[in-house]
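The next block holds one structure in the form of structure tokens; read it before the comments.
Keep in mind that the numbers below use all heavy atoms, side chains included, and drop hydrogens, waters and symmetry copies.
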Amino acid sequence: MTGLPSPADCLLPGRFIDSSHPAIIAKARSLADPAGDQLKTAVALYYLVRDSIRYNPYRVDTVPAAYLASATLAAAEGWCVTKALLLAALCRAAGVPARVGYADVRNHLSTERLRQAMQTDVFYFHGYTSIYLGGRWVKATPAFNIELCQKFGLAPLEFNGLEDSLYHPFDLAGNRHMEYLNERGDYFDLPFEDLMAVMRSRYPGMFGAGAAGTGPVASNWDADVHAEVSR
């Protein structure tokens, strides 16, 4: 864990949390509470990112530009790391301090193609957003959009700004869904080089030497989800 950034620091733009980008500012302003209530603003931004930005773990990239919050907003889809960065950027643009955090989790929401590529069910560097509300940091996890949750039989994660919003350990049928294995801590912005080092170490078939182009293709996600839930 790095030295934790202060709420004041977490109002500033970062390398990937590009909260000064015009598109980020415009989107944040469009959803900000007219009365200036930061909690209402943060909740509105959370649901925007959760449901309007579709989850697609096949969009994991090695190019830094792909991790810009503004790029995720424009693409209207991303994975846990990029969606968390976008929520942080929107919060900062709306005047709400936000930073990003990471953990290693065992995730049972997956597809056969992704399991074959990863060769594990552990998702290293799972991303979430920490938002400063009511004098304390509250965790928000905007990764899985509601339609995806419905397909996999999961209760979508809600966020009220008062308590942490973290993945449920079980799905609606009582099957194991998510296990938190290791906390990596909170950061001012994405530690990109650390992320890439972990990806190359833990997923050599996708990111190791000679593995370029062997990972899942983003356009295959919907079809693979359909195949997974139809089994």
Measuring only between side-chain heavy atoms, which start at C-beta, is [X] closer than 4.5 Å to [Y]?
| X | Y | result |
| --- | --- | --- |
| Leu190 | Arg15 | no |
| Tyr203 | Val60 | no |
| Asp189 | Leu85 | yes |
| Leu154 | Met178 | no |
| Cys91 | Tyr46 | no |
| Val81 | Phe123 | no |
| Trp221 | Pro57 | yes |
| Tyr180 | His126 | yes |

Problem set entry | Arg50/Glu158 ion pair, N-O < 4.0 Å |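 Counted as a salt bridge, because a side-chain N and a carboxylate O are separated by less than 4.0 Å.
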Please check: side-chain N/O of [X] versus main-chain N/O of [Y], any donor-acceptor pairing under 3.5 Å?
| X | Y | value |
| --- | --- | --- |
| Asp18 | Ala69 | yes |
| Asp104 | Val122 | no |
| Asn107 | Ser110 | no |
| Lys83 | Val49 | yes |

Which pair of non-hydrogen atoms, one from [X] and one from [Y], has the smallest distance, and what is that distance?
| X | Y | result |
| --- | --- | --- |
| Phe159 | Tyr47 | N-OH, 3.1 Å |
| Thr82 | Ala66 | CG2-O, 4.0 Å |
| Leu73 | Ala23 | CD2-O, 3.7 Å |
| Arg99 | Pro5 | NH1-O, 2.9 Å |
| Ala88 | Val100 | CB-CG1, 4.1 Å |
| Glu183 | Ala103 | OE1-CB, 3.9 Å |

To the nearest 0.5 Å, how far apart are [atom1] in [X] and [atom2] in [Y]?
| X | Y | atom1 | atom2 | value |
| --- | --- | --- | --- | --- |
| Glu147 | Arg54 | CD | CZ | 8.0 Å |
| Ile131 | Lys139 | CD1 | NZ | 12.5 Å |
| Asp121 | Arg106 | CG | CZ | 5.0 Å |
| Asp164 | Ser130 | CG | OG | 7.5 Å |
| Phe144 | Leu109 | CZ | CG | 4.5 Å |
| Leu166 | Thr141 | CG | OG1 | 5.0 Å |

Exercise. Is there a side-chain contact (heavy atoms from CB on, under 4.5 Å) between Leu133 and Gln38 once you walk through the steps?
Worked result: CA-CA 7 Å; Leu133 296 166; Gln38 291 194 333; 4.1 Å; yes
Problem set entry | Over 12 non-hydrogen atoms of neighbours within 6.0 angstrom of CZ in Arg29 |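 Not buried by this count: 12 neighbours or fewer within 6.0 Å.
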For this session: Run the numbers on Leu162 and Leu39 for side-chain contact (heavy atoms from CB on, under 4.5 Å), then give the verdict.
Result: CA-CA 8 Å; Leu162 301 174; Leu39 189 149; 3.4 Å; yes
Exercise. Between Ser201 and Tyr124, does any side-chain donor sit less than 3.5 Å from a side-chain acceptor?
Worked result: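 No donor-acceptor contact under 3.5 Å links the two side chains.
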For this session: Determine whether the side chains of Tyr128 and Asp186 contain a donor N or O and an acceptor N or O closer than 3.5 Å.
Result: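 Yes.
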Is there a path from [X] to [Y] through hydrophobic residues (I, L, V, M, F, W, Y) whose side chains come within less than 4.5 Å of each other?
| X | Y | value |
| --- | --- | --- |
| Leu12 | Ile25 | no |
| Tyr55 | Leu114 | yes |
| Val229 | Tyr58 | yes |
| Leu31 | Leu90 | yes |
| Leu86 | Ile146 | no |

Exercise. When you look at Glu112 and Arg231, which way does the side-chain contact (heavy atoms from CB on, under 4.5 Å) test go after all the steps?
Worked result: CA-CA 11 Å; Glu112 182 61 27; Arg231 294 170 66 178; 3.8 Å; yes
Exercise. With respect to Phe125, which candidate in Tyr187, Phe192, Tyr102 satisfies the ring-ring contact (aromatic ring centres under 6.0 Å, His included) definition?
Worked result: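 The residue from Tyr187, Phe192, Tyr102 that satisfies ring-ring contact (aromatic ring centres under 6.0 Å, His included) with Phe125 turns out to be Tyr102.
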Problem set entry | Evaluation steps, side-chain contact (heavy atoms from CB on, under 4.5 Å), between Arg113 and Asn220 | CA-CA 9 Å; Arg113 191 192 304 270; Asn220 291 334; 3.6 Å; yes
